[in-house]
Amino acid sequence: MSRIGQMKSQRHGISAQAVTIGVGFVCLIAVMSRYIDLTFLAGHVGSSAPAPAPLYLLFFWLLILGPFLRLLQKRFTLSRREILTIYAMTVASGTIPSHEVVGFMIPHMASVHFNATPENEWILLFHRHLPEWLFPTAKASFLLAEGEYLPVPWKAWVVPVSAWSFFLLALFFVMLCINMVLNRQWIYHERLSFPLVAIALELTQTSHPTSRFPNIFKKPDFWLG
């Protein structure tokens, strides 16, 4: 492949370093969600619309981290396509470790046994219809509810968590497929605005590919806002 061909490939493709940075940001959002969102209930991290953490990380990369790394090494220069890919990775995965997915799924997995009482007769009504591998045992459910300082019975949770993880993977894949089917109708016919995408597109718009900062960073009213 010629040098021009390599440059075109790099320009229109997604580099391994962009994917690595995206995975690092996803892991950071997961850790932040663990403490800020789930433990202290201090606010949203990767959920809500627009999600705070993906936007903050995008802003941090464009303003500080990206320019600093480019000064150290030219190869850390990312194209707009790569930056938007990183943003898409954080937006798509940021909801999973939040209270809206994991924070909702784990307690409800345990509640099947924990909230079963002689009065509500859950055991007689529907427990026989629930696969044993899809929910933790009653003992594991009670240990989860009794306090956070008790050791987690990981053996009882491995199979149920793995099963629900495959379900979430399938659910997100199906939603992606639906988006692929409907995107032409939404974009070209209904002309929807897509606020999540509009913010990222505006933040990454530059007057020239070699510009150090996006155009919006040069507007005083942006910084005033």
Side-chain angles (χ1 to χ4, degrees), residues 1-2 4-26 28-30 33 44-63 65-67 76-98 100-102 104 165-225:
M1 182 183 293
S2 65
I4 296 178
Q6 291 177 350
M7 292 175 63
K8 288 183 178 179
S9 176
Q10 293 174 359
R11 185 181 306 165
H12 296 290
I14 306 300
S15 65
Q17 68 178 4
V19 176
T20 302
I21 294 171
V23 171
F25 281 177
V26 168
L28 179 60
I29 290 177
S33 297
H44 299 281
V45 176
S47 60
S48 187
L55 280 178
Y56 292 157
L57 289 174
L58 175 62
F59 188 83
F60 176 69
W61 174 266
L62 294 172
L63 185 64
L65 188 58
F76 284 109
T77 302
L78 299 181
S79 65
R80 188 189 189 197
R81 179 192 297 265
E82 292 174 319
I83 295 174
L84 290 175
T85 299
I86 295 173
Y87 174 74
M89 292 172 64
T90 56
V91 169
S93 59
T95 57
I96 297 177
S98 70
E100 296 175 352
V101 180
V102 170
F104 179 88
S165 296
F166 280 113
F167 167 75
L168 289 177
L169 181 63
L171 178 63
F172 273 70
F173 177 72
V174 169
M175 289 192 292
L176 176 63
C177 293
I178 294 174
N179 287 335
M180 295 299 295
V181 171
L182 297 177
N183 78 86
R184 181 172 292 276
Q185 173 69 22
W186 288 342
I187 296 173
Y188 296 106
H189 299 286
E190 299 183 17
R191 297 186 179 276
L192 301 182
S193 58
F194 301 105
L196 290 178
V197 179
I199 298 174
L201 290 175
E202 188 69 25
L203 283 174
T204 55
Q205 180 65 46
T206 57
S207 56
H208 192 271
T210 59
S211 298
R212 294 183 60 185
F213 298 105
N215 296 340
I216 197 171
F217 284 2
K218 303 172 184 177
K219 298 180 179 179
D221 53 346
F222 168 78
W223 293 107
L224 181 61

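Worth saying up front: this structure is predicted, and the values here are computed from it rather than measured.
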Original post:
So do the side chains of P214 and T204 get within less than 4.5 Å of each other, counting heavy atoms only?
Top reply: no
**OP:** Provide the full list of side-chain hydrogen bond (donor to acceptor under 3.5 Å, both in side chains) pairs with a residue in residues 190-200, sequence neighbours left out, each pair given once.
**Re:** Q185-E190
Subject >> Results of side chain to side chain contact (heavy atoms under 4.5 Å, CB included) for A30 - residues two or more places apart only >> reply: P97
Original post:
Are the aromatic rings of F166 and F173 close, with centres under 6.0 Å apart?
Top reply: no
Subject >> Partner set under side chain to side chain contact (heavy atoms under 4.5 Å, CB included) for F104, not counting sequence neighbours >> reply: H108
Original post:
Could you state the interatomic distance from CZ (F25) to CG (L57), rounded to the nearest 0.5 Å?
Top reply: 5.0 Å
Original post:
Any sub-3.5 Å donor-acceptor pair from E202's side-chain atoms to I216's backbone N or O?
Top reply: no
Original post:
Do other residues, nucleotides or ligands put more than 12 heavy atoms under 6.0 Å from Y56 OH?
Top reply: no
**OP:** Report the distance from atom CZ of F60 to atom CG of L58, rounding to the nearest 0.5 Å.
**Re:** 12.0 Å
**OP:** Take Y87 and L55 through the side chain to side chain contact (heavy atoms under 4.5 Å, CB included) test and state the conclusion after the steps.
**Re:** CA-CA 8 Å; Y87 174 74; L55 280 178; 3.8 Å; yes
Original post:
In Å and rounded to the nearest 0.5 Å, what is the CD1 to CD1 distance from I21 to I83?
Top reply: 9.0 Å
**OP:** For A18 and I86, work out which heavy atoms get closest and say how close.
**Re:** O-CG1, 3.4 Å
Original post:
Nearest heavy-atom pair of S15 and L78: which atoms, and what distance?
Top reply: OG-CD2, 4.4 Å
**OP:** To the nearest 0.5 angstrom, please state how far the CG atom of L63 sits from the CZ atom of F213.
**Re:** 6.0 Å
Original post:
Can you name the closest pair of heavy atoms from E82 and T77 and give their distance?
Top reply: OE1-O, 4.3 Å
Subject >> Sub-4.5 Å side-chain heavy-atom contact between L84 and L201 >> reply: yes
Original post:
Roughly how far apart are L192 CG and I187 CD1, rounded to 0.5 Å?
Top reply: 8.5 Å
Subject >> Check: I96 and F172 side chains under 4.5 Å, non-hydrogen atoms >> reply: yes
**OP:** To the nearest 0.5 angstrom, please state how far the OG1 atom of T206 sits from the NZ atom of K218.
**Re:** 8.0 Å
**OP:** Kindly assign one of parallel, tilted or perpendicular to the pair W223 and F59, based on the angle between their ring planes and the thresholds 30° and 60°.
**Re:** perpendicular
**OP:** Please name the pair of heavy atoms, one in G46 and one in I29, separated by the smallest distance, quoted to 0.1 Å.
**Re:** CA-CG2, 4.2 Å
Original post:
Partners of F167 by ring-ring contact (aromatic ring centres under 6.0 Å, His included), sequence neighbours excluded?
Top reply: W164
Subject >> side chain to side chain contact (heavy atoms under 4.5 Å, CB included) partners of S93, counting only residues at least two apart >> reply: V26
Subject >> side chain to side chain contact (heavy atoms under 4.5 Å, CB included) partners for L176, two or more places apart >> reply: none
**OP:** Might you point out which heavy atoms bring F222 and L203 nearest each other, and give the distance in Å?
**Re:** CZ-CD2, 4.2 Å
Subject >> Heavy-atom closest contact (W61 atom, P67 atom, distance) >> reply: O-CD, 3.4 Å
